[in-house]
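To keep things clear, I will list the structure first and then write my remarks on it.
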Amino acid sequence: MVTRAVRDGPKSAINRKNRLLAALEPEDFYWLEPHLEIVDLPRGKVLYETGEPIRHAYFPHDAVVSLVTVLQSGGSVEMAVFGRESALGFISALITRQSFGRYITQVPGTGSRVALERLNEAVSSRPNLRQVLFRFTEAFLAQTLQTVACNAVHSVEARCCRAILSTRDRTDKDDIPLTHETLAEMLGVQRSTVSSVTSVLQKGGFIVQGRGTIRITNRQGLEEMVCECYQAICQSFDRLLPGALRCD
């Protein structure tokens with residue numbers, strides 16, 4: 001048998017930037033790794049539109065991808081967010097093989113991509129890998145339901161704090177490449193509304209706005225302003241996939 005030390009290489013290290021892939025047993029990871037392709041995920045890249053057939057699942061490394069519902073008016077609102085704790089496209093493929101909504105990259109980076117046929121084969125034949133992905137599925141559904149409730153009842157200010165903190169948790173950077181346009185799309189509001197909210201946050205000393213970036217200067221203050229949904233989502237991931245999403 002070839003040991004992990006021998007088999008690991010630069011590509012393995014990159015693939016394991018995704019915490020689901022990193023959580024796999026070595027035998028499961030090595031089975032899947034030859035089928036993984038490292039891809040660029042630039043800002044604004046649409047991976048799937050609503051109703052499109054899904055042919056690949058993506059495991060983000062440092063990119064952040066939103067699943068948004070596109071309204072007839074042309075507006076959109078975020079239903080879920082995917083980072084390095086995620087496998088996007090997998091859940092849609094379990095049901096209809098069609099995209100639930102638009103998957104769009106909000107924070108650029110890279111990811112690992114695998115053909116659904118290979119991933120489904122792994123899920124069918126490798127119980128431990130299947131358990132990891134099904135635990136993620138439960139965490140994802142909890143996140144989605146919490147986000148729906150959040151969009152319905154909580155203020156734009158609280159939801160904006162949640163979006164900023166959630167993005168920070170998936171990048172480990174206090175300087176977050178978030179534009180007002182991106183935040184408006186995530187929150188389902190006008191860009192002018194985002195500008196007003198972020199102006200208040202900046203005047204309060206919580207953030208500093210730059211060109212296409214937001215720097216967090218008072219995380220504790222943002223956590224005091226954010227709605228309960230932020231911690232609820234973090235706790236769901238911590239219960240099902242400890243360490244996958246670190247909200248600190």
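For clarity, every value in this text was computed on a predicted model and none was experimentally measured. Throughout, residue positions are numbered sequentially from 1 according to the sequence presented.
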Practice task
Answer yes when Arg215 and Asp174 have at least one side-chain N-carboxylate O distance shorter than 4.0 Å, and no when they do not.
Solution key: no
Exercise for the section: I would like to know whether Glu78 and Ser66 meet side chain to side chain donor-acceptor pair (under 3.5 Å); could you show each step before the answer? Expected result: CA-CA 6 Å; Glu78 185 179 80; Ser66 289; 2.4 Å; yes
Problem - Residues Asp169 and Arg84 bridged, charged N to O under 4.0 Å - result: no
Practice task
Say whether, by atom type as modelled, one donor and one acceptor occur between the side chain of Arg126 and the main chain of Leu32 under 3.5 angstrom.
Solution key: no
Handout entry: Interatomic spacing from CG in Leu47 to CZ in Arg55 - rounded to 0.5 Å
Key = 14.0 Å
Problem - NZ/NE/NH1/NH2 to OD/OE distance under 4.0 Å, Arg97 and Glu117 - result: yes
Practice task
Mark yes or no for whether Asn151, through its side chain, and Leu187, through its backbone, hold a donor-acceptor pair below 3.5 Å.
Solution key: no
Practice task
Decide, yes or no, whether a salt bridge links Lys11 with Glu33 under the criterion of side-chain N to carboxylate O below 4.0 Å.
Solution key: no
Problem - Residues Arg113, Asp40: salt bridge by 4.0 Å N-O rule - result: no
Problem - side chain to side chain donor-acceptor pair (under 3.5 Å) between Thr179 and Thr182, intermediate numbers included - result: CA-CA 5 Å; Thr179 65; Thr182 297; 2.9 Å; yes
Practice task
Establish whether Val68 and Val148 are linked, either directly or via other cluster members, by ILVMFWY side-chain heavy-atom contacts under 4.5 Å.
Solution key: no
Completion exercise
Distance col, row Asp28:CG vs Asn128:CG, nearest 0.5 angstrom, shows 5.5 Å
Completion exercise
To the nearest 0.5 Å, atom CD1 of Ile54 lies from atom CG of Leu88 at 8.0 Å
Exercise for the section: Give a yes-or-no answer on whether the side chains of His180 and Gln209 include a donor-acceptor pair shorter than 3.5 Å. Expected result: yes
Handout entry: Short side-chain to backbone donor-acceptor contact, Asn18 and Pro60, under 3.5 Å
Key = yes
Practice task
Provide the full list of disulfide bond (SG atoms under 2.5 Å apart) pairs with a residue in residues 147-210, sequence neighbours left out, each pair given once.
Solution key: none
Problem - Backbone of Ser195 reached by a side-chain donor or acceptor of Thr198 within 3.5 Å - result: yes
Exercise for the section: Tell me yes or no: between the side chains of Gln106 and Glu185, is some donor less than 3.5 Å from an acceptor? Expected result: yes
Exercise for the section: For the residue pair Lys173 and Ile216, establish whether any side-chain heavy-atom pair is separated by less than 4.5 Å. Expected result: no
Handout entry: Thr213 and Asp175: side chain donor to acceptor below 3.5 Å
Key = no
Practice task
Calculate, to the nearest 0.5 Å, the distance between atoms CG and CD1 belonging to Leu141 and Ile91 respectively.
Solution key: 5.5 Å
Handout entry: Sequence neighbours excluded, every pair satisfying disulfide bond (SG atoms under 2.5 Å apart) that has a member inside residues 203-248
Key = Cys234-Cys247
Completion exercise
When Leu178, Val194, Ile104 are each screened for side chain to side chain contact (heavy atoms under 4.5 Å, CB included) with Met186, the one that passes is Leu178
Practice task
Would you mind listing every ring pair (Phe, Tyr, Trp, His ring centres under 6.0 Å) that reaches into residues 68-105, with sequence neighbours excluded?
Solution key: Phe82-Tyr103, Phe82-Phe140
Exercise for the section: Would you mind checking if Arg135 and Glu138 are paired as a salt bridge, meaning a charged N to carboxylate O distance below 4.0 Å? Expected result: no
